[in-house]
Amino acid sequence: MKATKGAFFTLLISSLHQQGVHARNFRFKKFDDPGTVGLESVIDDVDFPLDKTEKDTLRNLSKSVSVYDEKEVCRNVDLQICRDDLTVKGLYPVTHPDSTDRSDLRKFWADFEETVTVQKHLKAYKKNPCMVDPLPEVMPQMTQYWRGLNILEVAEAVRDEFPGLYHYRMLADWVANKEVNYDDVIVPKTGQIDFIRREVMLSDMVGFAVRAVGPCNFSLKWSEGRARPEEVAFAISKKEINVPTSSKSTKPSKSTKPSKSTKNRRGGVDIFDDISGIIEEMDLRKATDFTAYDEGSPRHPSWPAMHSASSASSFWLSVILDLSPQQLCDARMLDWSVAYARTVAGVHYPSDNIAGLMVGQGILAQILPDYLHDEYGADKKKVEDKIKEIVFDWTTFEDTECFNKKRYKSVPAARPAVCFDPPIRRPENPNPHPPTMRDGRIGVTVEGDIVTEE
C-alpha cells in the first residue's frame, strides 16, 4: 500500500529527528579553522539568532566575519519590511536541512540538489579540462562581460574580488561610449555642466550601495544562521545526515521549482534523487573540498548572499538614470550573474542569491530618498515615486525576455591548447632537391631548378 505524501513527510521528519538532527539544530558552525583550541564548546553552544554573549565571543575569539546586530547597524532600515517582501515571494522563512515544515523541507533539498549538481559538473571539468566546458549546462545565460570564461573561471571571477568591480567596469564602458543619460528630474544639475552630480555620483553610488547594504545584510545572516552548502555536504558524507529520498517525481509549486539554470541538466524535478551518490563520488576529505575554492566558503552564514545583496546596480541605476531597455537588461544580467556565480563556486544555494538581490533592493529603497536628497539635492518625493515604479521581482527574472536574449547566451569556452594532438612531423627529406622529373617536353629533363636538354 502506497503511503500518502503527508505520511511520507511525517516519516521523513521523524527519521531526521532519530538521526539527531533536530529543529534549529543544524546551523552554521564555520566560525574558525577546524580544530581551533578553546572554541569547541563555544561552537557547540551557539544558537541563532545570536544573543549578546555569543556575538561578543565570536567577535573576539573567532575568525567569524562581520558579526553584526540588526539593532546596532540598521537604525535607518526596517528589515521587517524586507522579511515581509521575501515571505510573499516564498523566500522566507529561511529553510534548513532539518526544517519541520513539509514545504520548507522540500524547498531546502531542491535548493541543495541544484548546488550539488552544479558542483558535480565543475569538479568533472576540473578533473578533465579537455572535456566540453559544462558552463552552459549549469548557467545557460550570463553577462556578456564574462563571455569566453569557462566554469572554473566564472567561479574564480567572484572569489574575493574588489566590491563592485564589474559594475564599475560596466559604468566605465557606458561613460566612455557616451551612453549615460541622467534623469535630471531626480538629480538636478547645478549648472550646464555638473561633474559632481554626474560622473562622480556614479562612482560614489557603486561604493555607497555596497556600504549601505552590507551591515544590514550581515545582520540578517547572523540572525538566521543558515549552514553553508559545504557543511551540509560534509555532514552527508560522514553519515550525520541522511538525504531524504522519494521514488516518485511530483510537480513542485512555483516557489520550489528548479531555476532555468538547472532545467536543462535535470531530467525531472524529483528533488531528492542522486544527492548522496554524487557527494559520495566527490570523496570529500574536508568540508571545503565541496567548493571550487581551497578555503571553501567565507566564515559567515549562507543566507542572504552578500555578493547578491551588493549587486543592486540595476535598481539604483534605474533611479538616477534614464536607462535604455538594453542597459537595463545588461545591468540586471550582470547583477544576476555575479549572484549565481557564487552557486557555481559551491558557496551558496540559489535561494541565497535571489534573497540577496531582493534584500539589497529593499534596503536601498528605504535609504536612497534621504541619501540622494542630502548628497545630490534630489527631491525625496520624486525619488520615492520612481522607486515604486521600478521595484523588480527577482523571482521572475529567468522567465523574462531580457534574461533569454541571445546576447547573454553562454557558450562553452575554448579548450586549452594542450588538449589538441601536436602536429604530425614528417620525416626530413635526405635529398634537399626535388626529384628528377619529366616536364612533358621531348628530350627535356628537369632536376631541381636545372633544365637539361637531352
Side-chain angles (χ1 to χ4, degrees), residues 12-13 15-32 34 43-44 46-48 64 91 93-123 138 155 221-222 224-246 256 258-259 262 270-293 295-305 342-356:
L12 168 61
I13 294 169
S15 173
L16 288 172
H17 286 181
Q18 291 172 10
Q19 298 166 43
V21 182
H22 303 291
R24 300 198 60 78
N25 183 45
F26 197 94
R27 299 295 181 270
F28 177 79
K29 297 293 181 183
K30 190 179 179 180
F31 305 123
D32 213 304
I43 292 174
D44 290 340
V46 167
D47 195 10
F48 294 93
S64 299
L91 296 168
V94 182
T95 62
H96 304 280
D98 53 10
S99 293
T100 55
D101 179 83
R102 296 183 310 196
S103 176
D104 288 347
L105 191 66
R106 184 182 182 85
K107 287 180 184 180
F108 175 83
W109 288 105
D111 225 12
F112 183 63
E113 186 198 39
E114 181 169 335
T115 313
V116 168
T117 308
V118 172
Q119 284 311 291
K120 174 185 177 181
H121 285 282
L122 182 141
K123 293 182 186 305
V138 304
K221 283 174 171 286
W222 290 106
E224 300 295 336
R226 193 185 212 184
R228 290 280 181 171
E230 69 183 54
E231 296 180 285
V232 177
F234 196 51
I236 292 171
S237 73
K238 295 191 299 181
K239 312 299 183 184
E240 294 176 356
I241 297 180
N242 290 332
V243 179
T245 57
S246 66
T256 62
S259 70
T262 61
D270 189 339
I271 64 174
F272 303 139
D273 287 352
D274 299 331
I275 294 177
S276 294
I278 294 173
I279 291 176
E280 185 176 353
E281 291 176 359
M282 290 181 181
D283 191 25
L284 305 178
R285 304 302 173 89
K286 54 186 184 299
T288 54
D289 289 344
F290 177 76
T291 74
Y293 308 146
E295 71 278 11
S297 305
R299 292 187 179 89
H300 51 79
S302 197
W303 185 97
R342 295 291 279 177
T343 291
V344 173
V347 298
H348 275 296
Y349 311 93
S351 64
D352 293 342
N353 306 324
I354 300 302

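- Here the CG atom belonging to Asp289 is positioned 8.0 Å from the CZ atom belonging to Phe234, to the nearest 0.5 angstrom.
- In this structure Glu295 satisfies the side chain to side chain donor-acceptor pair (under 3.5 Å) test together with Arg159, sequence neighbours excluded.
- Under the rule for a side chain to side chain contact (heavy atoms under 4.5 Å, CB included), the partners of Ala305 that lie at least two apart in sequence or sit in another chain are Ser308, His348, Asp352, Asn353.
- In this structure Tyr349 satisfies the ring pair (Phe, Tyr, Trp, His ring centres under 6.0 Å) test together with Phe108, sequence neighbours excluded.
- For Ser237, there are no side chain to side chain donor-acceptor pair (under 3.5 Å) partners at least two apart in sequence or on another chain.
- By the side chain to side chain contact (heavy atoms under 4.5 Å, CB included) test, Lys120 is found to be paired with Ile278, residues two or more places apart in sequence or in another chain being considered.
- Contacts of Ser297 classified as side chain to side chain donor-acceptor pair (under 3.5 Å), with partners at least two apart in sequence or in another chain: Glu230.
- Looking at heavy atoms from C-beta onward, Met282 lies in side-chain contact with Lys123 at the 4.5 angstrom threshold.
- Minimum interatomic distance between Ser276 and Val243 (heavy atoms only, all atoms of both residues): OG-CG2, 3.2 Å.
- The aromatic rings of Phe28 and Trp222 lie perpendicular to each other, with more than 60° between the two planes, well past the 30° mark.
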Please evaluate residues Glu224 and Arg226 with respect to the criterion salt bridge (Lys or Arg N to Asp or Glu O under 4.0 Å), reporting the C-alpha separation (whole Å), side-chain torsions for both, the decisive distance (0.1 Å), and the verdict. CA-CA 6 Å; Glu224 300 295 336; Arg226 193 185 212 184; over 6 Å; no
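- Partners of Ala233 according to the side chain to side chain contact (heavy atoms under 4.5 Å, CB included) rule, which considers only residues two or more places apart in sequence or in another chain, are Phe112, Ile279, Leu284, Phe290.
- The main-chain N or O of Asp101 is never found under 3.5 Å from a side-chain atom of Ser99 such that the two would form a donor-acceptor pair.
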